[in-house]
Number of protein chains: 2
Amino acid sequence: MSATHTAVTTPAPAVSCAEDCGIRDVLDRIGDKWSVLVVVELAHGKRRFRELLRAVDGISQRMLTLTVRRLERDGLVSRTVYPTVPPQVEYELTATGHSLTHLLKALADWSAAHRESIAESRRRWDAENPGSGVH
Amino acid sequence: MSATHTAVTTPAPAVSCAEDCGIRDVLDRIGDKWSVLVVVELAHGKRRFRELLRAVDGISQRMLTLTVRRLERDGLVSRTVYPTVPPQVEYELTATGHSLTHLLKALADWSAAHRESIAESRRRWDAENPGSGVH
DNA sequence: CGGGATCCAGATGGATACTG
DNA sequence: CAGTATCCATCTGGATCCCG
């Protein structure tokens, strides 16, 4: 943040596939409202259904069930049922699910690095375009 | 793919923030249906509105307008209007937008690495849970 | 405790027509 | 060419009730 040159921007375009690359595949999988939050919580260790429900703030019983089912279907989370009474179910990240946490780390890092810049850009845009309805 | 040991999985949990970390912020921004596809196309260079419309397969005029407006609002894309006739508008990634392409590269890499594993897990789950309605 | 079933509101996005 | 405006179908997710 010192010299007169502005953007350094590493040289490579980084992404250069024809259409999709599979990025949409990932986003279709974890781009929903709750998946990443559940995965982040499970990154800390095994969790029971009720524990997840309390840990992931604001999620409903129904959405936790759906989210965890989809993650299980994709092989990112394993589900273990102990036939006790009352029933006990434990959820845990699989190896694939664990690898996902590294990707989420990259997301978190990018977010932290550009959050302020983006927020400021929004404020400026909203000020210059009053009542545009864009969100 | 040779020895008897299965998952190596680098040691660190990678993500360890209390609730969100800001991952949701990123996904709220680029997790929609079209943003990443537009960014990927713009990673190749400047594009006019009509060029983007042709390049991003399936996008409607309305959605391209909305998508590119939001990207501009967040400071990821710049919009330059040449007051010619007929009008000409060029879109280009900003420095922040360019940095995003590196993140998308990570997404694409993860997708490529686990696409088959996930697809197989789905097939198995769907076979074992007929008519579950989970997607 | 760990769900499944139903109902419903709001958000997202597609199709089409019109405009400077 | 580069949008804007309107209408409408679908999808996502929240609230609630019930069940083994």
Side-chain angles (χ1 to χ4, degrees), chain A residues 20 24 27-38 41-42 46-74 77-92 125 128-135, chain B residues 20 24 27-38 41-42 46-74 77-92 125 128-135:
Chain A
D20 195 323
R24 286 272 5 126
L27 294 180
D28 286 342
R29 203 157 282 123
I30 63 156
D32 67 292
K33 191 171 180 180
W34 301 110
S35 291
V36 296
L37 301 180
V38 170
E41 179 59 27
L42 286 176
K46 297 180 176 182
R47 290 290 186 273
R48 297 180 58 173
F49 187 86
R50 194 60 50 165
E51 290 177 323
L52 284 174
L53 205 55
R54 274 188 297 265
V56 180
D57 188 69
I59 196 172
S60 67
Q61 211 166 35
R62 171 182 132 89
M63 287 316 296
L64 179 55
T65 299
L66 282 177
T67 301
V68 91
R69 276 293 170 285
R70 287 193 277 243
L71 292 173
E72 189 197 357
R73 183 171 105 105
D74 290 345
V77 160
S78 69
R79 177 175 177 267
T80 310
V81 182
Y82 299 96
T84 61
V85 84
Q88 177 168 347
V89 179
E90 281 193 344
Y91 295 95
E92 188 177 10
W125 200 93
E128 292 170 4
N129 303 71
S132 67
V134 178
H135 294 305
Chain B
D20 195 323
R24 286 268 11 124
L27 294 178
D28 286 343
R29 203 157 280 123
I30 64 156
D32 67 291
K33 191 170 181 180
W34 300 110
S35 290
V36 296
L37 300 179
V38 170
E41 178 59 27
L42 286 176
K46 297 180 176 183
R47 291 292 186 271
R48 296 179 57 173
F49 188 87
R50 192 60 52 165
E51 291 177 322
L52 284 175
L53 205 55
R54 274 189 297 266
V56 181
D57 187 71
I59 196 172
S60 67
Q61 209 165 36
R62 171 184 132 89
M63 286 317 295
L64 179 55
T65 299
L66 282 177
T67 301
V68 92
R69 275 295 171 284
R70 286 193 279 243
L71 292 173
E72 189 198 358
R73 183 171 103 105
D74 290 344
V77 159
S78 70
R79 177 173 176 268
T80 311
V81 182
Y82 299 97
T84 61
V85 87
Q88 177 168 347
V89 178
E90 281 194 343
Y91 294 95
E92 188 177 10
W125 199 93
E128 294 171 2
N129 304 72
S132 68
V134 178
H135 295 305

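Order of the sequence lines fixes the chain letters, A, B, ..., with proteins taken first and strands second; residue numbering starts at 1 for each chain. This structure is a prediction, so every number in the text was calculated from the model and none was measured.
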note: B:Asn129, atom CG; C:dG3, atom P; distance rounded to Å ~ 13 Å

Heavy atoms of B:Arg24 and A:Lys33 approach each other most closely as CD-O, 3.4 Å

Taken to the nearest 0.5 Å, the spacing of A:Tyr91 OH from A:Arg69 CZ works out to 4.5 Å

In whole angstroms, the gap separating C1' of C:dG14 from CG of B:Leu53 amounts to 13 Å

Using side-chain heavy atoms (C-beta onward) and a distance below 4.5 Å, is B:Leu64 in contact with B:Val56?
no

Here the distance between atom C1' of C:dG2 and atom CZ of A:Arg48, to the nearest Å, is 9 Å

In the structure I gave you, are the side-chain heavy atoms of A:Gln88 and A:Arg50 within less than 4.5 Å of one another anywhere?
no

Open item on the list: side-chain contact (heavy atoms from CB on, under 4.5 Å) for B:Arg70 and B:Arg29? Distances and angles first, verdict last.
Closed with: CA-CA 8 Å; B:Arg70 286 193 279 243; B:Arg29 203 157 280 123; over 6 Å; no

Got a donor-acceptor pair under 3.5 Å from the side chain of A:Arg62 to the base of C:dG4?
no

Rounded to whole Å, the CD-C1' distance (A:Glu51 to C:dG2) equals 13 Å

B:His135 NE2 to D:dT10 C1', in whole Å, measures 14 Å

Within residues 80-91 of chain B, those residues having any heavy atom closer than 4.0 Å to DNA chain D are B:Pro86, B:Pro87, B:Gln88, B:Val89, B:Tyr91

| field | A:Asn129/A:Val134 under side-chain contact (heavy atoms from CB on, under 4.5 Å): CA gap, chis, key distance, verdict | value | CA-CA 9 Å; A:Asn129 303 71; A:Val134 178; over 6 Å; no

B:Ile59 CD1 to C:dG13 P, in whole Å, measures 10 Å

Residues of residues 63-72 of chain A with a heavy atom under 4.0 Å from any atom of DNA chain C, listed by number, are A:Thr65, A:Arg69

Per atom distances to the A:Arg50 side chain, the nearest of C:dC1, D:dG3, C:dG13 is C:dC1

d(A:Ser78 OG, A:Leu42 CG) to nearest 0.5 Å is 9.0 Å

* Below 4.5 Å, heavy atoms only, C-beta onward: do B:Leu37 and B:Glu41 meet side chain to side chain? -> no

Between NZ of A:Lys33 and P of D:dC11 the distance, given in whole Å, is 19 Å

Under the side-chain contact (heavy atoms from CB on, under 4.5 Å) rule, what do B:Arg48 and B:Tyr82 come out as? Steps first, then yes or no, please.
CA-CA 11 Å; B:Arg48 296 179 57 173; B:Tyr82 299 97; over 6 Å; no

A:Gln61 CD to D:dA15 P, in whole Å, measures 12 Å

